[in-house]
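Here is the structure we will look at, set down as structure tokens.
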Number of protein chains: 2
Amino acid sequence: MEDEVDRLVAAWRRERPDLDVEPLEVLSRVSRLARHLDRARRIAFAEHHLEPWEFDVLTSLRRAGSPYQLSPGQLLTQTLVTSGTMTNRIDRLTKKNLVERLPDPTDRRGVLVRLTAEGRDKADQSLAGLLAQERAILGELSRQQRGELAGLLRQLTAPFDNVPG
Amino acid sequence: MEDEVDRLVAAWRRERPDLDVEPLEVLSRVSRLARHLDRARRIAFAEHHLEPWEFDVLTSLRRAGSPYQLSPGQLLTQTLVTSGTMTNRIDRLTKKNLVERLPDPTDRRGVLVRLTAEGRDKADQSLAGLLAQERAILGELSRQQRGELAGLLRQLTAPFDNVPG
DNA sequence: TTCAAGTGTCTTGACATCAAGATACCTCGG
DNA sequence: CCGAGGTATCTTGATGTCAAGACACTTGAA
């Protein structure tokens, strides 16, 4: 089955036969698929009155384990947003009583963000929904193919996740 | 090499051993890698005073081939943004003299967006830069692995690219 | 021919994000 | 103990995106 990237690559080979556009076969698909996933997540979460960005923060805290708290800095590395964005997210989640801010007892510069009981419930409910949706999307692939895909993707993400940048 | 998704999955298996979180091995990596790629592209394009969204529009028109014009609707399916966003993008690119708007001779509702000579140059220059960066990122993988990865990703993107949605 | 439904683009208003920089605090060598 | 450099978080201002709906035009069935 052809996809939009096949058409895109064919167009470049016609227009710029001097260039080797093979990298696009992988990375354009990654970018486009991520956008499709964002859309699908937004629609699915809307049933729970939850935005994707809320899900990202709440589940990061949820999987930290009891007492469900992380510093804003730790949340940054998990969600890949800037610090200003995270400050804003925490503000809004606090207003909705899904998280609360506590002073870090070991560092007076620091803050700890903790899930409320309500926030924990939202995280648990929405995770199940997300997994159901993702299973449907991955239905195209066999178990073995999913494993191969995960392994290949890990080789690309690991360098980003393991350097200062 | 371990990545952030390995840690994320391990955390869920500890916190929610009742759930099968295997789908995250693939799709969380796709989302996170896309965010890393966005960041890297933004930095790389900044040298050419170009924003990623500008690149997306200009190159869509460039690879359409002479006379380098598409309707806003066609640009939507290529860039996966909403129509309001595309109107705004075309406005800004027009102000910078990179594209121009023409009436569609066959449909009075319609518009054609055409690349200017300057826009075409920008597209050609920045594409070469993007490919160089992407080749560096993909350096982790052998030629065969890149082929496998592209094929597996195509199976996931094709359903999105070939339905009305 | 006519008009109801469909289509393509644009407008509006709310909002999330980012980059850059400010502020307060910590750390560690001397 | 001091101070310089590093770190954690927040503030600010600009900007890009989205959802929803308005508007003009096209299409096709009667």
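Throughout, protein chains are lettered first and strands after them, A, B, ... in sequence-line order, and every chain is numbered starting at 1.
Here chain A contacts DNA chain C (any atom closer than 4.0 Å to a heavy atom, that is under 4.0 Å), and the contacts span C:dA16 to C:dC26 from 5' to 3'.
Under the side chain to side chain donor-acceptor pair (under 3.5 Å) criterion, A:Thr106 pairs with A:Asp104, not counting sequence neighbours. Every residue two or more places apart in sequence or in another chain was checked for a side chain to side chain donor-acceptor pair (under 3.5 Å) with B:Arg35, and none qualifies. Checked against side chain to side chain donor-acceptor pair (under 3.5 Å), A:Thr85 has the following partners two or more places apart in sequence or in another chain: A:Thr82. A:Asn88 pairs by the side chain to side chain donor-acceptor pair (under 3.5 Å) definition with A:Arg92, not counting sequence neighbours. Remark: A:Thr94 engages A:Ile90, A:Val99 in a side-chain contact (heavy atoms from CB on, under 4.5 Å) (not counting sequence neighbours).
Taking atom CD1 of A:Ile90 as the reference point, atom C1' of D:dT11 lies 14 Å away to the nearest angstrom. Note: CG (B:Leu50) to P (D:dT15) measures 17 Å, nearest angstrom.
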Quick one, give me the B/S/- string for nucleotides 17-25 of chain D, reading 5' to 3', where B means a protein heavy atom under 4.0 Å from the base and S means that only happens at the primed atoms, P, OP1 or OP2.
BBS----BB
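No single ILVMFWY cluster, assembled from side-chain heavy atoms under 4.5 Å apart, contains both B:Leu76 and A:Ile43.
Five base pairs at each end of the helix from C:dT1-D:dA30 to C:dG30-D:dC1 define two local axes, and these are offset by 20° (rounded to 10°).
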Using residues 128-137 of chain A as the side-chain source, report each donor-acceptor pair under 3.5 Å to any protein atom, sequence neighbours left out, with the distance given to one decimal.
| unit_1 | atom_1 | unit_2 | atom_2 | d |
| --- | --- | --- | --- | --- |
| A:Gln133 | NE2 | A:Ala40 | O | 2.9 |
| A:Arg135 | NH1 | B:Asp20 | O | 3.1 |

Give every donor-acceptor pair under 3.5 Å between a side-chain atom in residues 45-54 of chain A and any protein atom, sequence neighbours left out.
| unit_1 | atom_1 | unit_2 | atom_2 | d |
| --- | --- | --- | --- | --- |
| A:Glu51 | OE1 | A:Arg42 | NH1 | 3.4 |
| A:Glu54 | OE1 | A:Glu51 | N | 2.7 |
| A:Glu54 | OE2 | A:Lys96 | NZ | 2.7 |

Could you list the donor-acceptor pairs under 3.5 angstrom formed between side-chain atoms of residues 5-16 of chain A and any protein atom two or more places apart in sequence or on another chain?
| unit_1 | atom_1 | unit_2 | atom_2 | d |
| --- | --- | --- | --- | --- |
| A:Asp6 | OD1 | A:Arg29 | NH2 | 2.9 |
| A:Asp6 | OD1 | B:Arg154 | NE | 3.3 |
| A:Asp6 | OD1 | B:Arg154 | NH2 | 2.9 |
| A:Asp6 | OD2 | A:Asp3 | N | 3.1 |
| A:Asp6 | OD2 | B:Arg154 | NE | 2.7 |
| A:Arg7 | NE | A:Glu4 | OE1 | 3.3 |
| A:Arg7 | NH1 | A:Glu2 | OE1 | 3.3 |
| A:Arg7 | NH2 | A:Glu4 | OE1 | 3.2 |
| A:Glu15 | OE1 | B:Arg62 | NH1 | 3.0 |
| A:Arg16 | NE | A:Asp18 | OD1 | 3.1 |
| A:Arg16 | NH1 | B:Asp124 | OD1 | 2.8 |
| A:Arg16 | NH2 | A:Asp18 | OD2 | 3.0 |

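Pairs engaging residues 106-118 of chain A under the salt bridge (charged side-chain N to carboxylate O under 4.0 Å, His left out) rule: A:Glu100-A:Arg114, A:Asp107-A:Arg109 [sequence neighbours left out].
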